[in-house]
Visitor: 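Got a structure for you, written out below as structure tokens; questions coming shortly.
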Amino acid sequence: MKTVILDTCTVTKGDVDLSALEQFGRTEYYDILSKEQIISVLGDADAVICNKSVIDRDVIEATNLKFIGVFATGYNNIDI
């Protein structure tokens with residue numbers, strides 16, 4: 001399973017250890033990306049966890065995501 005963590009810089013400045021997520025498979029970390037870059041890095045991902053990145057219909061339809069997680073309390077950046 002491949003998990004992509006987006007917006008890492010908005011979640012931690014090195015003070016939060018996200019490595020526990022690596023027990024579930026390959027994990028890649030990215031900071032703020034453009035929509036095109038998000039689609040590219042999510043190309044073969046099973047899961048994404050983000051904070052502020054917009055995961056809209058275009059992103060969802062261009063990927064094969066099985067899970068979308070959010071670090072924040074809201075989910076207005078996710079097209080449900």
Side-chain angles (χ1 to χ4, degrees):
M1 181 167 122
K2 176 182 173 183
T3 301
V4 172
I5 310 299
L6 298 175
D7 312 322
T8 305
C9 63
T10 68
V11 176
T12 180
K13 301 289 186 207
D15 56 335
V16 176
D17 182 10
L18 300 175
S19 67
L21 298 169
E22 295 170 11
Q23 69 182 315
F24 301 108
R26 185 173 57 154
T27 306
E28 296 179 2
Y29 302 89
Y30 298 93
D31 287 329
I32 306 298
L33 300 176
S34 69
K35 182 176 187 171
E36 293 75 23
Q37 291 171 314
I38 290 171
I39 290 171
S40 177
V41 300
L42 294 181
D44 62 343
D46 300 293
V48 62
I49 306 174
C50 63
N51 186 27
K52 300 183 182 297
S53 288
V54 175
I55 308 297
D56 62 12
R57 169 178 246 144
D58 294 336
V59 174
I60 293 168
E61 289 180 348
T63 63
N64 292 310
L65 293 172
K66 297 166 186 65
F67 175 81
I68 300 170
V70 182
F71 283 114
T73 55
Y75 54 90
N76 59 312
N77 55 321
I78 310 299
D79 187 346
I80 55 168

Visitor: Is there side-chain contact between Ile55 and Ile38, with at least one heavy-atom pair below 4.5 Å?
Guide: yes

Visitor: From Lys66 NZ over to Thr63 OG1, what is the distance, rounded to the nearest 0.5 angstrom?
Guide: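 It comes to 9.5 Å.
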
Visitor: Taking the side chain as every heavy atom from C-beta outward, state whether Tyr30 and Thr8 have any pair of such atoms under 4.5 Å apart.
Guide: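 Answer no - side chains too far apart.
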
Visitor: Restricting to non-hydrogen atoms, name the atom on Ile68 and the atom on Ile78 that form the minimum distance, rounded to 0.1 Å.
Guide: CG2-CD1, 3.8 Å

Visitor: When you measure from the side chain of Asp58 to the backbone N and O of Asp56, does any donor-acceptor pair fall under 3.5 Å?
Guide: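 No; judged by distance alone, with no hydrogens or angles, the pair does not exist.
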
Visitor: With no hydrogens and no angle check, just 3.5 Å: does a side-chain donor-acceptor pair link Ser34 and Gln37?
Guide: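 There is such a pair (donor and acceptor under 3.5 Å, judged by atom type) between the side chains of Ser34 and Gln37.
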
Visitor: Would you call Ile32 and Ser53 a side-chain contact if the rule is heavy atoms closer than 4.5 Å?
Guide: no

Visitor: Hydrophobic cluster membership, with links at side-chain heavy-atom distances under 4.5 Å among I/L/V/M/F/W/Y: are Val4 and Ile60 in one?
Guide: yes

Visitor: Under a 3.5 Å distance rule, please check whether Ser40 uses its side chain to pair with a backbone N or O of Glu36 as donor and acceptor.
Guide: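 Judged by distance alone, no pair lies under 3.5 Å.
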
Visitor: Test of understanding: clusters of I, L, V, M, F, W, Y form through side-chain heavy atoms closer than 4.5 Å, transitively. Do Val70 and Val11 belong to the same one?
Guide: no

Visitor: What I'd like to find out is whether the side chain of Leu42 reaches to under 4.5 Å of the side chain of Leu65, using heavy atoms alone.
Guide: yes

Visitor: As a quick check of understanding, evaluate side chain to side chain contact (heavy atoms under 4.5 Å, CB included) for Glu28 and Lys2, giving each step before the final call.
Guide: CA-CA 8 Å; Glu28 296 179 2; Lys2 176 182 173 183; 3.4 Å; yes

Visitor: Is the number of heavy atoms from other residues, nucleotides or ligands within 6.0 Å of CG (Asp44) greater than 12?
Guide: yes

Visitor: Side chains of Leu21 and Thr3, heavy atoms from C-beta outward: is any pair under 4.5 Å?
Guide: no

Visitor: I'd like to check Thr12 versus Leu18 (side-chain heavy atoms, cut-off strictly below 4.5 Å). Are they in contact?
Guide: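 Yes; the side chains approach each other to less than 4.5 Å.
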
Visitor: Just wondering, do Glu22 and Tyr29 contact through their side chains at under 4.5 Å, heavy atoms?
Guide: yes

Visitor: Salt-bridged, Lys52 to Asp7, with N to O below 4.0 Å?
Guide: no

Visitor: Hey, is the main chain of Arg57 close enough, under 3.5 Å, to the side chain of Asp79 for a donor-acceptor pair?
Guide: yes

Visitor: Would Leu6 and Asp31 count as a side chain to side chain contact (heavy atoms under 4.5 Å, CB included) if you check the C-alpha gap in whole Å, the side-chain angles of each, and the deciding distance to 0.1 Å?
Guide: CA-CA 6 Å; Leu6 298 175; Asp31 287 329; over 6 Å; no

Visitor: Does some side-chain heavy atom of Phe71 sit less than 4.5 Å from a side-chain heavy atom of Ile5?
Guide: yes

Visitor: Is there a path from Phe67 to Ile80 through hydrophobic residues (I, L, V, M, F, W, Y) whose side chains come within less than 4.5 Å of each other?
Guide: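 No, it is not one cluster - the side chains of Phe67 and Ile80 are not joined through contacts under 4.5 Å.
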
